[in-house]
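First the structure, in the form of structure tokens, and then the observations on it.
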Amino acid sequence: MGEQPSILITGCTGFIGYHLSARLLKEGYQVIGLDNLNDYYDPSLKQDRLNLLKQESSFTFLKGSLENKELLELVFEQFKFDHVIHLAAQAGVRYSLDHPDTYIQSNLVGFANVLECCRKHHIQHLLYASSSSVYGNNKHIPFSTKDRVDQPISLYAATKKANEELAYTYSHLFNLPTTGLRFFTVYGPWGRPDMALFTFTKAITEGEPIKLFNHGNMRRDFTYIDDCVESIVRLLQKGPSLSTPPHEVFNIGNHQPVELSEFVAVLEKELGRSAIKENVPIQPGDVPVTYADTSDLEAAIHYRPTTTIQEGIKRFVAWYKAYYKLTD
């Protein structure tokens with residue numbers, strides 16, 4: 001038998017990072033996970049994800065930040081992996097309004113350090129997290145990777161767009177194969193507590209009001225976590241682009257936007273109780289609709305998401321009740 005392929009996953013205790021790490025471990029990969037376990041949201045949730053990953057003998061965890069270039073270089077020197085999936089970042093559109101320095105350091109300085117280490121160590125393929133937020137107030141529906149994305153309306157979106165430009169430049173100058181992943185509202189078990197499904201579920205179960213931004217007139221292309229992970233794994237196994245330069249970007253979405261009112265109705269049904277709704281204006285940096293054109297992705301990996309919002313929310317609620325030990 002040959003050696004297990006090894007891979008570095010940054011942000012391994014994050015929502016997508018945890019699920020992807022678990023999947024790749026099942027696929028037979030040696031996973032080296034790097035994370036700083038910051039307190040942007042409840043660190044105990046990250047620690048519980050990490051504890052599950054640590055049960056696998058093929059998983060190695062390293063604590064540290066991407067901004068620490070010396071540490072990152074030591075990681076690349078010590079572990080001879082061929083592929084990197086870079087998911088670590090400071091997330092959140094609204095948080096970026098008040099904490100710009102955090103985004104500059106993590107999403108720009110940290111990403112530049114990852115690129116430089118990948119170049120020096122001749123990494124075969126770097127896949128990195130971008131975001132649907134790069135589309136800004138794009139009027140072309142659905143959002144296509146062929147659309148212009150040079151007018152981001154939040155600092156978070158601007159850093160993600162900058163990541164794509166930096167990756168393209170490294171692909172062009174140094175022939176480093178890179179693939180950008182524009183995630184569209186990923187949700188599911190072990191999700192992020194700052195995202196709508198989590199905050200709504202918590203509020204409804206505790207009898208607190210939920211805030212419906214833009215008075216509920218929002219549509220989101222909700223992407224279930226298993227569909228997201230399947231797409232990433234297939235892109236990893238497909239290999240990098242053969243184009244010159246070897247850089248490409250894909251929408252990781254469901255190609256089926258859902259009205260916020262329908263989203264809440266499904267959640268109410270699963271929880272067996274009604275939400276107290278509070279209509280509020282749209283927040284700076286938010287957009288009223290996201291809608292992914294996934295035709296490029298489907299052509300590349302012969303896969304399209306299959307999980308309905310009804311099934312996805314049902315699975316999340318089951319996890320939430322079990323994790324927080326709630327009884328009906």
Side-chain angles (χ1 to χ4, degrees), residues 9-17 34-43 45-46 63-72 84-118 126-138 143 147-170 178 180-187 191-196 198-199 211 213-214 218 220 249 251-252 280-290:
I9 299 180
T10 71
C12 64
T13 74
F15 172 36
I16 299 175
L34 178 66
D35 205 298
N36 65 2
L37 295 169
N38 68 30
D39 61 358
Y40 169 63
Y41 60 77
D42 185 3
L45 187 62
K46 298 179 182 181
K63 185 177 181 181
S65 296
L66 301 173
E67 300 94 301
N68 186 342
K69 191 172 184 179
E70 290 74 21
L71 169 68
L72 202 58
V84 174
I85 303 181
H86 172 59
L87 302 174
Q90 179 56 59
V93 169
R94 294 169 195 141
Y95 191 75
S96 70
L97 300 174
D98 301 317
H99 303 83
D101 288 353
T102 307
Y103 289 77
I104 299 300
Q105 290 301 313
S106 179
N107 299 8
L108 297 183
V109 175
F111 187 60
N113 289 343
V114 170
L115 284 169
E116 190 60 12
C117 284
C118 287
L126 165 66
L127 297 93
Y128 65 92
S130 186
S131 167
S132 63
S133 66
V134 301
Y135 288 105
N137 278 323
N138 182 32
F143 298 168
D147 295 339
R148 290 183 60 175
V149 288
D150 53 3
Q151 294 183 323
I153 61 170
S154 71
L155 180 62
Y156 171 69
T159 62
K160 287 299 183 180
K161 172 58 176 168
N163 286 174
E164 293 183 4
E165 300 292 355
L166 285 167
Y168 179 90
T169 304
Y170 267 71
T178 59
L181 312 168
R182 291 178 179 169
F183 295 125
F184 280 71
T185 317
V186 183
Y187 74 102
R192 273 177 30 207
D194 61 319
M195 296 190 73
F198 212 114
T199 59
K211 290 183 177 181
F213 291 105
N214 201 32
M218 307 279 272
R220 287 289 180 268
V249 176
N251 288 334
I252 310 295
V280 296
I282 194 167
Q283 295 291 287
D286 265 357
V287 296
V289 62
T290 62

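Numbering of residues begins at 1 and proceeds along the displayed sequence.
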Checking I85 against L126 for the side chain to side chain contact (heavy atoms under 4.5 Å, CB included) test, could you report, in this order, the C-alpha distance in whole Å, the side-chain angles of both residues, the deciding distance, and whether it holds?
CA-CA 6 Å; I85 303 181; L126 165 66; over 6 Å; no
Working note: V149 + N138, criterion side chain to side chain contact (heavy atoms under 4.5 Å, CB included); need CA distance, chi angles, decisive distance, verdict.
CA-CA 8 Å; V149 288; N138 182 32; over 6 Å; no
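Residues A91 and Y103 approach most closely at O-OH, 2.7 Å, considering heavy atoms. In terms of heavy-atom proximity, T13 sits nearest to Y41 at O-OH, 4.4 Å. Heavy atoms only, all atoms of each residue included: F15 and V186 are closest at CE2-O, 3.5 Å. In terms of heavy-atom proximity, L71 sits nearest to S65 at CD2-N, 4.1 Å. Closest non-hydrogen pair, F183 versus A129, comes out as CE1-CB, 3.6 Å.
With a 4.5 Å cut-off on side-chain heavy atoms, F143 and V134 do not count as touching. At least one side-chain heavy atom of L34 sits less than 4.5 Å from a side-chain heavy atom of L66. Looking at C12 and D35, their side chains come closer than 4.5 Å, going by heavy atoms from C-beta outward. Looking at S130 and V249, their side chains never come closer than 4.5 Å, going by heavy atoms from C-beta outward. L127 has its side chain out of reach of T178: every pair of non-hydrogen atoms, C-beta onward, lies at least 4.5 Å apart.
Atoms CD and OG1, on E67 and T102 in that order, are 9.0 Å from each other to the nearest 0.5 Å. Between atom CG of residue L166 and atom OH of residue Y128 there is a gap of 9.0 Å, rounded to the nearest 0.5 Å. Annotation: the span from K46 atom NZ to N36 atom CG amounts to 6.5 Å, rounded to 0.5 Å. Note that the NE2 atom of H99 and the CD1 atom of I104 stand 14.0 Å from one another [nearest 0.5 Å]. Summarising the geometry, atom CZ belonging to R182 is positioned 9.5 Å from atom OG belonging to S132; distances are rounded to the nearest 0.5 Å. How far CD of Q90 is from CG of D101: 11.5 Å, rounded to the nearest 0.5 Å.
Qualifying side-chain hydrogen bond (donor to acceptor under 3.5 Å, both in side chains) partners for Y170, counting only residues two or more places apart in sequence or in other chains: E116. Checked against side-chain contact (heavy atoms from CB on, under 4.5 Å), T185 has the following partners two or more places apart in sequence or in another chain: M195, R220, F222, T290. Every residue meeting the salt bridge (charged side-chain N to carboxylate O under 4.0 Å, His left out) condition with D194, not counting sequence neighbours, appears here in chain and number order: R192. For T10, the side-chain hydrogen bond (donor to acceptor under 3.5 Å, both in side chains) test picks out H86, with sequence neighbours left out. The side-chain contact (heavy atoms from CB on, under 4.5 Å) search around T199 returns none, not counting sequence neighbours. Listed by chain and number, the residues in a side-chain contact (heavy atoms from CB on, under 4.5 Å) with S131 are S133, Y156, K160 (sequence neighbours excluded).
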